[in-house]
Amino acid sequence: MDATSSNDLMMHVFWHEGMLNHDSGKGVFDSGLDPGFLDVLEKHPENADRIKNIVSILKRGPISPHISWHLGRSAEIPELLSFHTAEYINELIEADKQGGKMICAGTFLNPGSWNASLLAAGTALSAMKFILDGHGELAYALVRPPGHHAQPTQSDGYCFLNNAGLAVQLARDSGCTKVAVIDIDVHYGNGTAEGFYQSDKVLTVSLHMNHGSWGPSHPQNGSIDELGEGEGFGYNLNIPLPNGTGDEGYEYAMVELVVPAISKFKPDMLVMVAGQDSSAFDPNGRQCLTMVGYRKIGQLIRGLANAYSGGRLLVVQEGGYHITYSAYCLHALLEGALNLPNPLLSDPVAYYPEDKALALKVVESIKKYYEDNVPLLDGT
């Protein structure tokens, strides 16, 4: 379908309000700690309010005529086993039966969390199946809890089930020869990478701040030398970017690294893992992206989908913890993915300084490393 076709300007959003029932609690940021000397304890960063604003901006914002709404569903346990081990799923089921607990640092499974997690996984699967069945080219799984840190055998970073990973595996099981994942969340998509680390049929690309490992639940560093193993060597590309990279730095990384990798891989399905925690005002990131940057990323990834996957693109929601600005940045990202000719919504808070010179220098060094070590990007 031609990118300018009127039928092409529709984003199919999959959503279920039951995902709002995941209550991650209050405390000092994401710790759940009450030190006893603060009058006001803040909500955990991954709270329902962030998603409520995304739902409302898509329903009542200027992008609403381009949105088609679809009801999500709960995943069945056997579906989860395409990505996760039975032992891990049983651990989560038992934790839920016992009334919940802190699964790992910052990650709380409370009453209602497991059902919300099943809804998130099933909703992502429904959005992918919608595309695979030929009902539409663009779908957005508006889900929480997020999922890209959840590894086959453990939870991590607010994530219990890997929503994007399950959708990717469904695409593979449904006959897609090669699937590419482009993760723009501010944190390394370590769980998705781990799930496909030995596969040359799934290319995982992650642009993230250079945060390294944060403990036993997140042993991966997100460094450029984590390239995959066995047949998967060279099919996990990490792009750790310095704090303050900003709009132009991200665009440069996309053009110089992501576009060439996707062009050589030639996927027949494309998945964008979208977190707005790379924004300029997010409490969990320092990357200084604004609506301009998100809109451009959406345009670039949509261009790749048009070129290689027949326009088919699944967007899966991840992080983004500024209650207001995350919704605005998501709006801009989907404007870009829809190839809308002009911005529909102006930025209420930018401008924010970015360190373009440092970002370009880092991207060039990463590019040189990949050209020397990864056949997919060797310049041939």
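Just so it is clear, the values below take in all heavy atoms, side chains as well, and ignore hydrogens, waters and symmetry mates.
Residues that satisfy the salt bridge (charged side-chain N to carboxylate O under 4.0 Å, His left out) test with K26, not counting sequence neighbours, are absent from this structure. Take R50 and apply the salt bridge (charged side-chain N to carboxylate O under 4.0 Å, His left out) test, not counting sequence neighbours, and it matches E46.
The cluster map of Ile, Leu, Val, Met, Phe, Trp and Tyr, joined by side-chain heavy atoms under 4.5 Å apart, puts L170 and V316 in the same cluster. Linking ILVMFWY side-chain heavy atoms closer than 4.5 Å, directly or via other members, places L257 and M272 in a single hydrophobic cluster. No continuous path of hydrophobic side-chain contacts links Y321 to V28 [ILVMFWY only; heavy atoms under 4.5 Å]. One hydrophobic cluster, built from ILVMFWY side chains closer than 4.5 Å, holds both Y250 and V362. No single ILVMFWY cluster, assembled from side-chain heavy atoms under 4.5 Å apart, contains both I224 and V186.
Put simply, the side chain of D133 never gets that close to the backbone of H135: no donor and acceptor are under 3.5 Å apart. A distance-only check finds no donor-acceptor pair linking the side chain of N47 to the backbone of K43 [under 3.5 Å]. Judged by distance alone, with hydrogens and angles left aside, the side-chain atoms of N284 form no donor-acceptor pair with the main-chain N or O of D277 at under 3.5 Å. Side-chain N or O atoms of Q98 include none that pairs as donor or acceptor with a backbone N or O of A95 at under 3.5 Å. Put simply, the side chain of S326 never gets that close to the backbone of I323: no donor and acceptor are under 3.5 Å apart. In this structure, the side chain of T245 does not engage the main chain of L241 through any donor-acceptor pair within 3.5 Å. Between the side chain of N373 and the backbone N or O of Y369, at least one donor-acceptor pair lies under 3.5 Å. With hydrogens and angles disregarded, no donor-acceptor distance shorter than 3.5 Å links the side chain of T107 to the backbone of I103. Checking side-chain atoms of N236 against main-chain N and O of E226 turns up a donor-acceptor pair under 3.5 Å. Side-chain atoms of N238 do not come within 3.5 Å of backbone N or O of P240 as any donor-acceptor pair.
Here the CD atom belonging to E231 is positioned 5.0 Å from the CG atom belonging to D200, to the nearest 0.5 angstrom. The CG atom of L227 sits 6.5 Å away from atom CG of D225, with the distance rounded to the nearest 0.5 Å. To the nearest 0.5 angstrom, S217 atom OG is 8.0 Å from N190 atom CG. Rounding to the nearest 0.5 Å gives a distance of 12.0 Å between CD1 of I366 and CD of E371. Rounded to the nearest 0.5 angstrom, I89 CD1 and L161 CG are separated by 5.0 Å. Separating the CD1 atom in I297 from the CG atom in L207 is a distance of 7.0 Å, to the nearest 0.5 Å.
The two residues M11 and L334 have their closest heavy-atom pair at CE-CD2, 3.9 Å. Nearest heavy atom pair, residue A121 against residue L80, reads CB-CD2, 4.0 Å. Closest approach of T123 to G72, counting heavy atoms only: OG1-CA, 3.3 Å. Pairing each heavy atom of E318 with each of C159, the nearest pair is OE1-SG, 4.5 Å. Across every non-hydrogen atom of G249 and A359, the tightest pair is CA-CB, 3.9 Å. The minimum heavy-atom distance between N306 and G311, with the atom names listed, is OD1-CA, 3.5 Å.
Side-chain N/O atoms of Q276 and Y294 include no donor and acceptor closer than 3.5 Å. Looking only at atom types and distance, the side chain of H218 has a donor-acceptor partner in the side chain of D156 under 3.5 Å away. With no hydrogens or angles considered, no side-chain donor-acceptor pair links N53 and Y325 at under 3.5 Å. Between the side chains of Q220 and Q151, at least one donor N or O sits under 3.5 Å from an acceptor N or O. Of the N and O atoms on the side chains of Y88 and S155, at least one donor lies less than 3.5 Å from an acceptor on the other residue. Side-chain contact, H148 with D183: a donor N or O sits under 3.5 Å from an acceptor N or O.
The shortest side-chain heavy-atom distance between M19 and V143 falls under the 4.5 Å cut-off. A heavy-atom distance below 4.5 Å is found between the side chains of I182 and I262. The shortest side-chain heavy-atom distance between L58 and W15 does not fall under the 4.5 Å cut-off. Counting heavy atoms from C-beta outward, I57 and L345 have side chains that approach closer than 4.5 Å. Side-chain atoms of I63 and L338, non-hydrogen and from C-beta on, do get closer than 4.5 Å to each other. Side-chain contact check for L109 versus P145: every heavy-atom pair is 4.5 Å or farther apart. In this structure the side chain of L125 reaches within 4.5 angstrom of the side chain of R73, judged on heavy atoms. Under the 4.5 Å side-chain criterion, counting only non-hydrogen atoms from C-beta, L142 is in contact with V55.
For Y328 and F281, the distance between ring centers is not under 6.0 angstrom. Taking the centre of each ring, Y158 and H44 come in below the 6.0 Å mark. Within the 6.0 Å centre-distance limit, the rings of F14 and F130 are counted as a close aromatic pair.
Aromatic ring orientation, Y188 versus H208: tilted (interplanar angle from 30° to 60°). Using bins of under 30°, 30° to 60° and over 60° for the plane-to-plane angle, the ring pair H149/W214 lands in the perpendicular bin.
Within 6.0 Å of CD on E364 lie more than 12 heavy atoms contributed by other residues, nucleotides or ligands. Heavy atoms from other residues, nucleotides or ligands lying under 6.0 Å from CD of E42 number more than 12.
The pair D247-K296 does not count as a salt bridge, with every side-chain nitrogen at least 4.0 angstrom from each carboxylate oxygen. Ion pairing of R312 with E137 is absent here, as no side-chain N (NZ or NE/NH1/NH2) approaches a carboxylate O to less than 4.0 Å. Residues E17 and K52 are not paired through a salt bridge, judged by the lack of any N-O separation under 4.0 Å between the basic side chain and the carboxylate.
In this structure, K178 satisfies the cation-pi test against F265, with its NZ or CZ atom closer than 6.0 Å to the six-membered ring centre and inside 45 degrees of the ring normal.
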Side chain to side chain donor-acceptor pair (under 3.5 Å) for Y308 and D268? Distances and angles first, verdict last. CA-CA 6 Å; Y308 299 105; D268 49 357; over 6 Å; no
Is there a salt bridge (Lys or Arg N to Asp or Glu O under 4.0 Å) between R295 and E335 once you walk through the steps? CA-CA 6 Å; R295 190 177 291 109; E335 287 178 31; 2.9 Å; yes
Using the rule given for side chain to side chain donor-acceptor pair (under 3.5 Å), can you reason through H12 versus H70, listing the C-alpha separation, both sets of side-chain angles and the distance that settles it, and then say yes or no? CA-CA 7 Å; H12 296 275; H70 304 264; 2.9 Å; yes
CA sep, side-chain torsions, deciding dist, call: M128, V271, side-chain contact (heavy atoms from CB on, under 4.5 Å): CA-CA 9 Å; M128 176 58 87; V271 176; 3.8 Å; yes
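The only member of V205, V363, L300 that meets side-chain contact (heavy atoms from CB on, under 4.5 Å) when paired with M254 is L300.
The side-chain hydrogen bond (donor to acceptor under 3.5 Å, both in side chains) analysis of residues 162-175, with sequence neighbours excluded, yields the pairs N162-T192, Q169-D173.
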